[in-house]
Amino acid sequence: MTHRDRSLHVLRGRPDLAAGPADGGLLAALGPELAALGAFRHAARARRLQASLQDEPWDRAAALLHAAELERRAGDLDAA
């Protein structure tokens with residue numbers, strides 16, 4: 001399974017199909033690329049998953065704030 005396949009399973013809410021634990025580095029790289037393509041909802045999902053992997057509260061809070069910004073850009077004000 002490629003990194004792309006694995007990340008798509010994680011983004012679709014099926015981390016059990018991702019063949020291993022979520023990769024914070026992959027999610028960190030994937031989020032900005034998805035946002036650049038205009039896929040803000042998917043970018044927010046990647047950012048929220050990355051936030052769940054953060055050990056430090058400050059890093060987790062920063063990731064969640066960025067996810068909320070992406071959700072607002074996607075038009076999902078309830079999730080933001």
Side-chain angles (χ1 to χ4, degrees):
M1 179 177 291
T2 67
H3 281 293
R4 181 178 181 278
D5 293 335
R6 186 170 149 206
S7 62
L8 288 175
H9 286 306
V10 170
L11 286 175
R12 289 183 182 139
R14 297 294 311 270
D16 54 315
L17 298 178
D23 182 353
L26 176 62
L27 291 170
L30 187 60
E33 290 191 29
L34 288 167
L37 292 172
F40 298 115
R41 184 168 306 205
H42 293 297
R45 175 82 174 133
R47 195 66 167 139
R48 283 198 179 275
L49 287 170
Q50 183 195 15
S52 71
L53 299 174
Q54 300 301 312
D55 292 328
E56 297 296 321
W58 176 259
D59 295 333
R60 200 169 30 256
L64 290 172
L65 284 172
H66 188 234
E69 175 191 342
L70 292 166
E71 287 162 343
R72 283 191 297 276
R73 292 183 73 185
D76 191 359
L77 300 180
D78 291 333

Within this structure, what is the [atom1]-[atom2] distance for the pair [X] and [Y], rounded to the nearest 0.5 Å?
| X | Y | atom1 | atom2 | result |
| --- | --- | --- | --- | --- |
| R72 | F40 | CZ | CZ | 12.5 Å |
| R60 | L64 | CZ | CG | 8.0 Å |
| L30 | H42 | CG | NE2 | 10.0 Å |
| R47 | L27 | CZ | CG | 10.0 Å |

- Query: Is atom CZ of R73 surrounded by more than 12 heavy atoms (other residues, nucleotides or ligands) closer than 6.0 Å?
  - Reply: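 Not buried by this count: 12 neighbours or fewer within 6.0 Å.
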- Flag the pair R48 and E71 as a salt bridge only when some basic side-chain nitrogen lies within less than 4.0 angstrom of an acidic carboxylate oxygen.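 Judged by the 4.0 Å cut-off on N to carboxylate O distance, R48 and E71 do form a salt bridge.
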- Task: For the pair Q54 (side chain) and Q50 (backbone), establish whether a donor and an acceptor sit closer than 3.5 Å, ignoring hydrogens and angles.
- Result: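 Judged by distance alone, yes, a pair lies under 3.5 Å.
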- Message: Are L49 and L53 connected into the same hydrophobic cluster when the rule is that any two of I, L, V, M, F, W, Y join if their side-chain heavy atoms are below 4.5 Å apart?
- Response: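 In one cluster with L53: L49, yes.
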- Looking only at non-hydrogen atoms, find the nearest pair between A35 and A43 and report the distance.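 Looking at all heavy atoms of both residues, the shortest contact is N-CB, 3.7 Å.
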- Message: Ignoring hydrogens, what is the shortest heavy-atom contact between A44 and A67? Give both atom names and the distance.
- Response: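 Looks like CB-O, 3.7 Å.
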